[in-house]
Amino acid sequence: MNDQCPVCKSSYARILHEADYGNKKTYECAVCGRFTISDTMQAIRSNLPADPRLSAWIRSQEEEGLVPPSLLSDNVETIRANLPNYKPSQKQLLLLRAIERRTRYPGYEVALN
């Protein structure tokens with residue numbers, strides 16, 4: 001069964017695990033990747049639109065092999081404040097690097113979300 005991702009609002013997410021007596025959930029989202037979110041933060045996010053910059057940050061954490069981030073009511077604003085604003089040319093380079101990480105050789109078919 002799919003749930004709506006609290007970050008990107010995609011319906012391609014599912015809850016993998018509940019912890020802390022159900023006060024935290026670990027999501028696996030096809031767009032964002034894997035992350036943990038507190039019930040408080042999830043309630044806050046439910047009234048907000050999709051956040052593509054936060055989604056991209058979560059995805060980059062997973063692509064770099066880091067521990068899935070925890071989105072808590074006391075850290076999300078700090079995370080969002082520290083997210084870089086990329087210029088279009090920088091975004092192109094990040095996209096090319098993401099494609100490069102997924103390829104085995106030139107011409108190899110790559111699936112991107």
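Quick caveat, the model's predicted, so the values are computed rather than measured.
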Atom [atom1] in [X], atom [atom2] in [Y]: separation rounded to 0.5 Å?
X	Y	atom1	atom2	result
Arg80	Trp57	CZ	CH2	12.0 Å
Thr36	Leu71	OG1	CG	8.0 Å
Glu62	Cys29	CD	SG	10.0 Å
Glu77	Met41	CD	CE	6.5 Å

Check: So among Gln4, Gln42, Arg14, which one has a side chain to side chain donor-acceptor pair (under 3.5 Å) with Tyr27?
Finding: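 By the side chain to side chain donor-acceptor pair (under 3.5 Å) criterion, Tyr27 pairs with just one of Gln4, Gln42, Arg14: Gln42.
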
Notebook entry, point to check: Between Asp51 and Lys9, is there a salt bridge with N-O shorter than 4.0 Å?
Noted result: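 Not counted as a salt bridge, because no side-chain N and carboxylate O are separated by less than 4.0 Å.
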
Margin query: Between Arg101 and Glu64, does any NZ, NE, NH1 or NH2 come within less than 4.0 Å of an OD or OE carboxylate oxygen?
Written below: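 Between Arg101 and Glu64 there is no salt bridge, as every charged N stays at least 4.0 Å from the carboxylate O atoms.
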
For the residue pair [X] and [Y], what are the closest heavy atoms and their distance?
X	Y	value
Tyr108	Thr103	CD2-CA, 4.0 Å
Phe35	Cys32	CE2-CB, 4.1 Å
Lys24	Asp39	N-OD1, 4.5 Å
Ile44	Ser73	CD1-CB, 4.4 Å

Margin query: With heavy-atom distances below 4.5 Å as the criterion, would you say the side chains of Asn85 and Arg53 are in contact?
Written below: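 Yes - at least one pair of side-chain heavy atoms lies under 4.5 Å apart.
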
Check: Does some side-chain heavy atom of Arg34 sit less than 4.5 Å from a side-chain heavy atom of Ile58?
Finding: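 No, side chains not in contact.
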
Check: Just one of Cys5, Pro6, Pro69 clears the side-chain contact (heavy atoms from CB on, under 4.5 Å) bar with Ile37, so which one?
Finding: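 That would be Pro6; it is the only one of Cys5, Pro6, Pro69 passing the side-chain contact (heavy atoms from CB on, under 4.5 Å) with Ile37.
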
Could you see if [X] belongs to whatever hydrophobic cluster contains [Y]? Use Ile, Leu, Val, Met, Phe, Trp, Tyr and a side-chain cutoff under 4.5 Å.
X	Y	answer
Leu72	Leu16	no
Leu83	Leu93	no
Leu54	Leu48	yes

Notebook entry, point to check: Given Glu28 and His17, is the side-chain contact (heavy atoms from CB on, under 4.5 Å) satisfied, shown in steps?
Noted result: CA-CA 9 Å; Glu28 184 174 63; His17 178 70; over 6 Å; no

